[in-house]
2 protein chains.
Amino acid sequence: MRLSARVDYALRAAAELAATDSRAVTAEHLATTQKIPRKFLENILLQLRRAGLVRSLRGAEGGYLLARPPAEISLADIIRGVDGPLANVRGERPEHLNYSGTALPLQRVWIALRASERAILETVTLADIASGELPVSVREIAEDPQAWLARPTG
Amino acid sequence: MRLSARVDYALRAAAELAATDSRAVTAEHLATTQKIPRKFLENILLQLRRAGLVRSLRGAEGGYLLARPPAEISLADIIRGVDGPLANVRGERPEHLNYSGTALPLQRVWIALRASERAILETVTLADIASGELPVSVREIAEDPQAWLARPTG
DNA sequence: ACCGTCTCGACAGGAATAATCGGATCATGC
DNA sequence: GCATGATCCGATTATTCCTGTCGAGACGGT
């Protein structure tokens, strides 16, 4: 799991939008409150708009707002919107790999890994982030003190 | 989840080593059977050796072999050996992030995500790959037909 | 008409990634 | 001791990706 700055920014901006329901928020405001380079953010917001995740309004009183209710936008939607498919191995989707010989079972591991990422990223919505209340299944995992250690023990 | 060529190569080579127990295998052989650029592979094998995961023998009859029994080397070990920490956000470890405002709950999501990746990558060993028999917990996830779809439904 | 905002392609600098080169070093057999 | 076969390893290149910036244009509201 490697999250690029682009994805990180997109999610933080989206979270901010989710918190400010029904009013348009300017790129400038998002940039300063979340400490994101402004022009870079514009770039990202444009991507999100083309992905159908945010709407935009021009002119005075303009800005950005979510295209759907926050509860209907998952983190996975955002990530895919700016960074393409969630999972890939050397640029290939896991299901398209053709490993040979001993390496063959690796493909099933990547599939499992992706499924398990989806279980989280498809479940958590912007509404969850905005309210601070994560779904139980996710909270259970995050609450394990082991999960917060840099290096897993045993 | 983005797997670099380096990691992919490392895992495939390691799988090959796991299958060929107790004999040393040359870089040349690994490169051809797994279709990996040879000099690049040497580079990777050197990293694995420095990480204490493989041993090497020089001279005729030389080559590489695993430093420990395959059952005692997890995929996570290999990945960390060549690519550093499993998870990071913009170069920072998830536990070191300091999000502010609305974005705050995101950190817990990354922690959960990492934990759930670990659950797979720490569990699956090279012995599992070599035998083709994945742990039940992983197999259950990988066997779900949903997991093989490019885009999740519902 | 004017101001504030989004729109959007181009592009630059740097970092990461992928891969290669060439030689040094070491073990083994003869 | 010499040839051979292999690892060792720093240096180097090539390419792609990532981050971030610029500037001119389009558009909405007043």
Side-chain angles (χ1 to χ4, degrees), chain A residues 1-13 17 20 23-32 34-67 79 81-85 88-92, chain B residues 1-13 17 20 23-32 34-67 79 81-85 88-92:
Chain A
M1 170 186 109
R2 154 167 289 175
L3 286 198
S4 62
R6 172 173 237 98
V7 166
D8 188 40
Y9 293 160
L11 287 163
R12 278 156 51 193
L17 288 180
T20 320
R23 279 193 306 284
V25 182
T26 69
E28 181 62 30
H29 180 256
L30 292 173
T32 56
Q34 285 294 331
K35 300 202 183 63
I36 304 174
R38 196 213 160 168
K39 292 298 268 178
F40 193 21
L41 176 61
E42 280 185 17
N43 220 309
I44 293 165
L45 286 166
L46 195 55
Q47 271 185 294
L48 290 176
R49 177 176 149 275
R50 288 184 176 145
L53 297 168
V54 311
R55 283 189 303 129
S56 61
L57 297 174
R58 300 214 234 195
E61 301 293 297
Y64 299 87
L65 34 89
L66 296 178
I79 297 177
V82 298
D83 237 16
N88 70 64
V89 179
R90 300 187 54 204
E92 292 288 325
Chain B
M1 169 187 112
R2 153 165 290 173
L3 286 198
S4 61
R6 172 175 236 96
V7 166
D8 187 40
Y9 293 159
L11 286 164
R12 277 156 51 193
L17 288 180
T20 319
R23 278 194 306 284
V25 182
T26 70
E28 180 62 29
H29 180 256
L30 292 173
T32 56
Q34 284 294 331
K35 298 202 184 64
I36 304 173
R38 197 218 160 163
K39 292 299 267 178
F40 193 21
L41 177 60
E42 278 186 20
N43 220 308
I44 294 166
L45 286 166
L46 196 55
Q47 269 185 295
L48 290 176
R49 177 176 148 274
R50 288 184 175 143
L53 296 168
V54 311
R55 284 188 302 128
S56 61
L57 298 174
R58 297 216 239 196
E61 300 293 298
Y64 298 88
L65 34 90
L66 296 178
I79 296 177
V82 298
D83 237 17
N88 70 63
V89 179
R90 302 187 53 201
E92 292 289 323

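Each chain gets a letter, A, B and so on, in the order the sequences are listed, and its residues count up from 1. All values below come from the heavy atoms of this structure, side chains included, with hydrogens, waters and symmetry mates left out. Predicted model only: the values in this text are computed from it and were never measured.
- Using a 4.5 Å cut-off on side-chain heavy atoms (C-beta onward), Met1(B) and Met1(A) make no contact.
- Listed by residue number, the members of residues 3-10 of chain A with any heavy atom below 4.0 angstrom from DNA chain D are Ser4(A), Ala5(A), Arg6(A), Tyr9(A).
- With Thr26(B) contributing its side chain and His29(B) its backbone, the two residues share a donor-acceptor pair below 3.5 Å.
- When rounded to the nearest whole Å, the span between CD1 of Ile44(B) and P of dC8(D) equals 14 Å.
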Please walk me through it: do Leu41(B) and Leu30(B) pass side chain to side chain contact (heavy atoms under 4.5 Å, CB included)?
-> CA-CA 8 Å; Leu41(B) 177 60; Leu30(B) 292 173; 3.6 Å; yes
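- In this structure the side chain of Asn88(B) never reaches within 4.5 angstrom of the side chain of Leu3(A), judged on heavy atoms.
- Taking a heavy-atom distance under 4.0 Å as the criterion, the stretch of DNA chain C touched by chain B extends 5' to 3' from dA18(C) to dA27(C).
- Using a 4.0 Å heavy-atom cutoff across all strands shown, Arg2(B) reaches sugar-phosphate atoms only and no base atom.
- The shortest distance between side-chain heavy atoms of Arg6(A) and Asp83(A) falls below 4.5 Å.
- Counting heavy atoms from C-beta outward, Leu45(B) and Ser56(B) have side chains that stay 4.5 Å or more apart.
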Base-contact (B) and sugar-phosphate-only (S) positions in nucleotides 21-29 of chain D, heavy-atom cut-off under 4.0 Å, - elsewhere | BBB-BBSB-
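- Arg55(A) comes within 4.0 angstrom of no nucleic acid atom, judged by non-hydrogen atoms across all strands.
- Between Ala27(A) and Asp83(B), the residue anchored nearer the 5' end of DNA chain C, judged by the nucleotide with its closest heavy atom, is Ala27(A).
- Within the 4.5 Å cutoff, no side-chain heavy atoms of Leu65(B) are placed close to those of Val54(B).
- Note on residues 34-60 of chain A: pairs passing ring-ring contact (aromatic ring centres under 6.0 Å, His included), not counting sequence neighbours, are Tyr9(A)-Phe40(A).
- Separating the CG atom of Leu65(B) from the P atom of dT7(D) is a distance of 11 Å, rounded to the nearest angstrom.
- Looking only at distances, a side-chain donor or acceptor of Gln47(B) sits under 3.5 Å from a matching main-chain atom of Val82(B).
- In this structure Tyr64(B) satisfies the ring-ring contact (aromatic ring centres under 6.0 Å, His included) test with no other residue, sequence neighbours excluded.
- When the side-chain contact (heavy atoms from CB on, under 4.5 Å) test is applied to Ala51(A), the partners found at least two apart in sequence or on another chain are Leu53(A).
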